[in-house]
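Every chain is numbered from 1, with letters handed out A, B, ... down the list of sequences. Please read all numbers here as calculations on a predicted model, not as lab measurements.
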There are 2 protein chains.
Amino acid sequence: MNKVAKVEARAAAPASPPLTERQEARRRRILHASAQLASRGGFDAVQMREVAESSQVALGTLYRYFPSKIHLLVATMQDQLEHMHGTLRKKPPRGEAAAERVAETLMRAFRALQREPHLADAMVRALTFADRSVSPEVDQVSRQTTAIILDAMGLEHPTPEQLSAVRVIEHTWHSALITWLSGRASIAQVKIDIETVCRLIDLTAEPPADS
Amino acid sequence: MNKVAKVEARAAAPASPPLTERQEARRRRILHASAQLASRGGFDAVQMREVAESSQVALGTLYRYFPSKIHLLVATMQDQLEHMHGTLRKKPPRGEAAAERVAETLMRAFRALQREPHLADAMVRALTFADRSVSPEVDQVSRQTTAIILDAMGLEHPTPEQLSAVRVIEHTWHSALITWLSGRASIAQVKIDIETVCRLIDLTAEPPADS
DNA sequence: ATCAAGTCTGAAACTTGTTCTAGATTAGCG
DNA sequence: CGCTAATCTAGAACAAGTTTCAGACTTGAT
């Protein structure tokens, strides 16, 4: 558990030596195994030895690709998020107000997570448990989430105020998911929380009495 | 790691067989050791064997008092929160609007956490990582936090809307702390997020056009 | 004071994340 | 093709959370 983090981990996209085809395939197998095990039993069910076995890769290799279980699960989340962003793009929310559209988008994402609650558990727990050594990857997830929300708002040039609102919405989104996953809040409660926080958007939407 | 959770863990306050003096003392020693180790090196530095040794208690006993490391750290948080609520009570915030007062209170709490960032790390990470087996204890922490915020708002009978706002504020508070602890947000950024979310209070403060 | 039930201790064992090693394989290059 | 560095594999080893157990100690009731 010594997190002395050799600075060697590489993020998903940026300038790492390009992977060969077999390497790309390995990476994909690993992520697939991870998601599959997570879907079964959540965070605890994703055991590194099992991931390695399922993906036909030696344990040491698994650790070369993903330097920790948290890295692996955060990468799994990146993967799923990309997928979801694609899906959401196809059917843009139909609400009038930006707040409505964001709430609808997040509820749509929430419903998707409900279909695989164990997977959601694994990903979200990893995300919030991640320490500094995973910051770049977590940040990437955060940017992706921001992109989804801004998409829903339909904004080209968000004001700083609006970006703050988006940050708060993300905070609420993550934390509300946690309370749901740990059984301390109902689905209905999460819905209310999301709708409540989305009202912040209205607060920043119209700058009528402004310079 | 089998979390088959024997239903046996007892919460802090409710009807558990009252502890003898020596037991109370042991419990206190354990919590003290936990906080002390956490203050040094955060979550990772709180090692059960060390906690046991520091508090002069056998490992098995430690586990009898706190059925997991997470339980221990959440209990540590309860302890610290109580302390903080007491402190905050003494000097109520002086702002005009409820939103101001809440933001000021939270920033005060935040500054306290900054004084012991490692301790904050251990407690907050435990809190958000906790699974269902810790729900009662986490809920208690949540209630305590809610009480602090309502105190700052100065409300006797909060409306459901206001309670929703408080929930969202708590979400933001926890999540913002996480981003700060993992080095993805600055202190200034956390301040902005808190102030932003507190504006929600204004939204629910005046029900002028109401039945 | 004494006994039964419950608690505490010390130590070993078990689990799962992580690291390390020696030897096989593969990739890229001359 | 043949070489060299990088990568991969199998498996042992290590670290820290958790469980277990036999025996010593406390407690509460008689």
Side-chain angles (χ1 to χ4, degrees), chain A residues 1-6 8-10 16-27 29-30 33-34 37-38 41-74 122 125-126 129-131 133-134, chain B residues 1-6 8-10 16-30 33-34 37-38 40-74 122 125-126 129-131 133-134:
Chain A
M1 275 288 184
N2 45 4
K3 298 286 172 61
V4 193
K6 296 166 196 168
E8 193 183 351
R10 56 207 63 171
S16 347
L19 302 184
T20 71
E21 212 163 302
R22 305 185 50 174
Q23 286 175 321
E24 195 53 57
R26 270 189 208 105
R27 185 166 191 285
R29 286 206 306 281
I30 293 172
S34 166
L37 287 171
F43 188 89
D44 290 338
V46 180
Q47 301 191 356
M48 299 303 269
R49 282 172 242 261
E50 287 212 31
V51 172
E53 191 174 354
S54 289
S55 49
Q56 308 249 243
V57 133
L59 191 53
T61 305
L62 171 52
Y63 273 96
R64 172 185 282 278
Y65 281 72
F66 302 96
S68 78
K69 173 169 173 171
I70 300 290
H71 281 86
L72 170 57
L73 285 173
V74 170
R125 299 261 295 288
F129 191 63
D131 65 8
S133 72
V134 204
Chain B
M1 275 290 182
N2 45 5
K3 296 285 174 62
V4 194
K6 296 165 196 168
E8 195 182 349
R10 56 208 61 171
S16 347
L19 301 184
T20 71
E21 211 163 302
R22 305 185 50 177
Q23 286 175 322
E24 195 52 59
R26 267 187 211 105
R27 185 164 192 286
R28 210 113 282 301
R29 285 206 306 280
I30 293 171
S34 167
L37 286 171
R40 293 228 200 308
F43 188 89
D44 290 338
V46 180
Q47 302 193 355
M48 299 303 270
R49 282 173 243 259
E50 286 211 32
V51 172
E53 191 173 355
S54 288
S55 49
Q56 308 249 244
V57 134
L59 191 53
T61 305
L62 171 51
Y63 273 95
R64 171 185 281 278
Y65 281 71
F66 301 97
S68 78
K69 174 169 171 171
I70 300 291
H71 281 86
L72 171 57
L73 284 173
V74 171
R125 300 260 296 286
F129 191 64
D131 64 8
S133 72
V134 204

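- Ranked by how close their nearest DNA chain D nucleotide is to the 5' end, B:R22 and B:Y63 are led by B:Y63.
- The OG atom of B:S133 lies 4.5 Å from the NE2 atom of B:H71; values are rounded to the nearest 0.5 Å.
- Between A:Q23 and D:dC8 there is a side-chain N or O to OP1 or OP2 distance below 4.0 Å.
- We find the CD-NZ distance between B:Q47 and B:K69 to be 6.5 Å, quoted to the nearest 0.5 Å.
- At whole-Å resolution of the value, CZ in A:R27 and P in D:dC8 are 13 Å apart.
- Put simply, CD on B:E21 is 16 Å from C1' on D:dG28, counting in whole angstrom units.
- The phosphate of D:dC8 (OP1 or OP2) has a side-chain N or O of A:R64 nearer than 4.0 angstrom.
- B:R49 comes within contact range of at least one nucleobase, with a heavy-atom separation under 4.0 Å.
- Checking C:dT18, D:dT9, D:dG17 against every side-chain atom of A:K69, the shortest atom distance belongs to C:dT18.
- Residue-level contact check: A:V51 touches neither bases nor backbone, having no heavy atom under 4.0 Å from any strand.
- For B:F129 and A:F43, the ring centers are positioned less than 6.0 Å apart.
- A:L72 places its CG atom 16 Å from the P atom of C:dT16, with the value rounded to the nearest Å.
- Of the inter-residue distances, the one linking B:Q23 atom CD with B:R27 atom CZ reads 11.0 Å to the nearest 0.5 angstrom.
- When the C1' atom of C:dT19 is taken as reference, atom CE of A:M48 falls 12 Å away, rounded to whole Å.
- Between B:G60 and A:L59, the residue whose closest nucleotide on DNA chain D is further toward the 5' end is A:L59.
- Per the geometry, CZ belonging to B:F66 stands 16 Å off C1' belonging to C:dT7, to the nearest Å.
- Distance CG (A:D44) to P (D:dG17): 15 Å, rounded to an integer number of Å.
- In this structure, A:Q56 reaches the sugar-phosphate backbone alone: every heavy-atom distance under 4.0 Å involves primed, P, OP1 or OP2 atoms, never a base.
- The A:T20 side chain lies nearest to C:dA27 when the options are C:dC8, C:dA27, D:dA10.
- B:E24 CD: more than 12 foreign heavy atoms inside a 6.0 Å radius.
- Nearest nucleotide to the side chain of B:Y65, out of D:dA10, C:dC8, C:dT9: C:dC8.
- Rounded to whole Å, the distance from CZ on B:R29 to P on C:dC8 is 11 Å.
- Atom pair A:L62:CG and D:dG11:P shows a separation of 17 Å (rounding to whole Å applied).
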